[in-house]
Amino acid sequence: MLNPQQRAAVDTTEGPVLVLAGAGSGKTRVITEKIAHLIATGRVAAKHIAAITFTNKAAKEMRERVAKRIKGDAAEGLTVCTFHSMGLKILQIEHEAAGLRRGFSVFDADDSAAQIRDLLPKGADRDTLESVKALISRAKNEGLDPEGAAAAAQSPREREAADIYGHYQRRLSAFNAVDFDDLIRLPLKLLEENADLAGGWRERLRYLLVDEYQDTNGAQYRLLKALAGPKANFTCVGDDDQSIYAWRGADPENIMRLGRDFPQLRVITLEQNYRCARRILRAANAVIANNPHEHPKQLWSEHDDGPPIRVVECDNNEQEAERVAAEIAFQQERDKRPWHDFAILFRGNHQSKPLEKALQMLRVPYHLSGGTAFLDRGEVKDAMAWLRLIANPDDDAAFLRAVGAPKREIGQTTLAKLSELAGQLHLSLGRAAERTDVVSRLASRPGAALDGFTRLVHELRSQAGRLTAADLYRQVIEHSGLLPALRAEHGEGPAYQRRRENLEELANWLDGERASPGDLVAQLSLLSHSDRDNPGNTVRLMSLHAAKGLEFHAVFMIGAEDGLLPHQASLDEGRLEEERRLMYVGMTRAKRLLQISHSRRARRYGELVKLEPSRFLAELPDAEVHRIGDNSEQDQSEKQVRAETHMARIAALLGGDAG
DNA sequence: GGTGAGCTTCTTTAC
DNA sequence: GAAGCTCACC
């Protein structure tokens, strides 16, 4: 059953709708119900509806919810994707108008950084690189091209960055490549500057639903407006208290902007929380009340109070990890709950290491979802570089990676010479390497090696059109020599096996996909490890950012220390409120049990440092909290039970593990 | 041109 | 404390 506000949000199918939805107020439900409603009433066919999310995890979650809600093939053709994958799709279809050739590459953050570093004066320090990178990204997130950025520049530093932005963009264009930010900026440019093209897309996507709307940046907002067109049939769902992406250009102002740009906007507020026990809700409300609010929400719940929030002090972060792991093992055993009811949330991905160790010790099944861990693996990047180079002969970044994976007697000297010759001929590295007049001017041994490489890539490329992406990938693995090189480097040991498995997993990802190899590789670069595999019944480990939009029976937040949560960098940059929202997001993921822990000491850069509890802990109302110290004033009998369960578990594991 | 010992640096968060 | 990088050697 939907409550009246949810009902209104679902039933208002005409024109622009903004749903201000507090944490746990059923906003994903509103989106899935609205999709179902649009389809069921025949108002819009599934293929004309697009639901847009911010993370792949959220898109996946949404797809599953829709599949459950809409049986059969009624949902056929529905688009559920991130802003970036939608941008990619538009660019792949409209590549000509965007000045790109088929098979263009998507540069990841590393590729982009490498290019920008290369464009900076020699010897430029890291800070300069970071600042230029950030300025270019910010300009792109506002939809500015290099000329626009130059015009908007306020300082010499910004003018310089705008200048490098221009060079960087010319280079991307020469490589037939785009970066992540371009996946929004370029489609936006196309739609804003080409009325026919925009009309086509509006015809195709007649109804838009945007989740986590508070996280849109300027370019995404304009892309939304351009896609919606004058009919403005869209629903934006968001919560200003959960805006946690300002650091990557998100502009919560977009919430207010909507009302100004669309006077007919229907605003609906959802204030009933269906998720959290009352104590959790009261505590979370108390924390977020410390942020200034233009329109304070009054979240309420019909649930019971639930148990107190546990605030646990630990001696150090390894002990913290052990205690959390033991507590989860204990509760799972006692309550016979599935493992996936438990989540451990942290500020930084590096905090997962001690947790993994402790969980493995207790044989607790867990799933780490975070970052782009999988695609960041060296061997996976190598294989991806081969695929990219096959799809896009002008992708110099891919060329440089593939030519050295595995090592084939081509070193810096040869590559520098090749690069010089390619520059003179205005050719990409890959195309230059195909020319005999270029190769003949290289030293004979490396020249021959390069020639062998070029022939191999050429041969694979000639097959690419006939093969599925998965089959092409198998050819790459067979002929590139990647696997033998890994075996030579690591022997047959676990290090080799793990890398081999990663390469096999990439094959599994590609299997059954219908898109062309080139298109698929581009899509792949937007995925992260956890997006494809099914975590099953396991404890979930993820960053607070990744947890947004999810909910769990029991949530363990770790590392609640000043400097981590709130993070020092955010404090330095005056973003305390965003950190508080992060705390709020973490707390409101818990349905019933919430434990927040912190350590007095932790290992940082190999050294033990003293830590202070997070200032946010002081904002928790005493009445809702049970504070548990190191020398635990915990009930002794409870401690006894825990110890016994723990021992029994270890005994069982030892028994079961023998042999 | 490839390799390994020793040096530096590093931690937000994500597409 | 580990990963990544530089420089000296094969």
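Chain letters run A, B, ... following the sequence lines, proteins first, then strands; residues in each count from 1.
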Does the plane of the ring in A/Phe107 sit parallel, tilted or perpendicular to the ring in A/Phe175? Use 30° and 60° as the thresholds. tilted
Nucleotides 1-5 of chain B: which of its N/O atoms have a protein N/O under 3.5 Å away?
{"residue": "B/dG1", "atom": "OP1", "partner": "A/Thr414", "partner atom": "OG1", "Å": "2.8"}
{"residue": "B/dG1", "atom": "OP2", "partner": "A/Thr413", "partner atom": "N", "Å": "3.3"}
{"residue": "B/dG1", "atom": "OP2", "partner": "A/Thr413", "partner atom": "OG1", "Å": "2.6"}
{"residue": "B/dG2", "atom": "OP1", "partner": "A/Glu409", "partner atom": "N", "Å": "2.7"}
{"residue": "B/dG2", "atom": "OP1", "partner": "A/Ile410", "partner atom": "N", "Å": "3.3"}

Distance in Å, A/Gln92 CD paired with A/Leu100 CG, rounded so as to fall on 0.5 Å steps: 10.0 Å
For the pair made of CE in A/Met557 and C1' in B/dT13, what is the distance, rounded to whole Å? 14 Å
The residue, A/Ala569 or A/Phe83, whose nearest nucleotide of DNA chain B is more 5′ is A/Ala569
One pair to check against side-chain hydrogen bond (donor to acceptor under 3.5 Å, both in side chains): A/Gln360 and A/Tyr366. What are the steps and the verdict? CA-CA 8 Å; A/Gln360 280 164 14; A/Tyr366 67 89; 2.8 Å; yes
Toward the 5' end of DNA chain B, by each residue's nearest nucleotide, A/Ser85 or A/Ser570: A/Ser570
Is there a salt bridge (Lys or Arg N to Asp or Glu O under 4.0 Å) between A/Arg600 and A/Asp315 once you walk through the steps? CA-CA 5 Å; A/Arg600 284 195 302 274; A/Asp315 178 67; 3.2 Å; yes
Taken to the nearest whole Å, CD1/A/Ile184 to C1'/B/dA14 is 12 Å
What are the atom names and distances for every N/O pair under 3.5 Å that joins the protein to nucleotides 1-10 of chain C?
{"residue": "C/dG1", "atom": "O6", "partner": "A/Tyr605", "partner atom": "O", "Å": "3.1"}

Quick one: label A/Arg575 by what it contacts on the DNA or RNA (base, sugar-phosphate, nothing), any heavy atom closer than 4.0 Å. base
Salt-bridge contact A/Arg580-A/Glu577 (side-chain N to carboxylate O under 4.0 Å): no
Would you mind reading off the distance between A/Asp110 atom CG and B/dA14 atom P, rounded to a whole angstrom? 15 Å
Check against side-chain hydrogen bond (donor to acceptor under 3.5 Å, both in side chains), A/Glu94 and A/Trp201: CA-CA 10 Å; A/Glu94 313 288 357; A/Trp201 280 95; 2.7 Å; yes
Would you jot down, in residue-number order, the residues of residues 243-251 of chain A having a non-hydrogen atom under 4.0 Å from DNA chain B? A/Tyr245, A/Trp247, A/Arg248
Tell me: NZ of A/Lys60 to C1' of B/dA14, nearest whole Å? 17 Å
Do NZ/NE/NH1/NH2 and the carboxylate oxygens of A/Asp239 and A/Lys27 come within less than 4.0 Å? no
When rounded to whole Å, the CZ to P distance for the pair A/Arg126 and B/dT9 reads 7 Å
According to salt bridge (Lys or Arg N to Asp or Glu O under 4.0 Å), who are the partners of A/Arg117, at least two apart in sequence or on a separate chain? none
Under-4.0 Å salt bridge between A/Glu578 and A/Arg581: yes
Once side-chain contact (heavy atoms from CB on, under 4.5 Å) is applied, do any residues pair with A/Ala383, and if so which ones, sequence neighbours excluded? A/Tyr473, A/Leu482, A/Leu503, A/Leu506
Measure CD/A/Glu130 against C1'/B/dT9 and give the value in whole Å, please. 13 Å
For atom NE2 of A/His350 and atom P of B/dT11, their distance in whole Å: 10 Å
Distance check, P atoms only: C/dT6 and B/dT11, in whole angstrom units. 16 Å
Length of the line joining A/Asn349:CG and B/dT13:C1', which is rounded to integer Å: 8 Å
If the condition is side-chain hydrogen bond (donor to acceptor under 3.5 Å, both in side chains), which residues does A/Glu551 pass it with, not counting sequence neighbours? A/Arg275
Could you point out which residue of A/Asp111, A/Asp108, A/Asp382 forms a salt bridge (Lys or Arg N to Asp or Glu O under 4.0 Å) with A/Arg388? A/Asp111
Under 4.0 Å between a side-chain N or O of A/Ser543 and OP1 or OP2 of B/dA14? yes
Please determine whether a side-chain nitrogen or oxygen atom of A/Asn56 lies at a distance below 4.0 Å from atom OP1 or OP2 of B/dA14. no
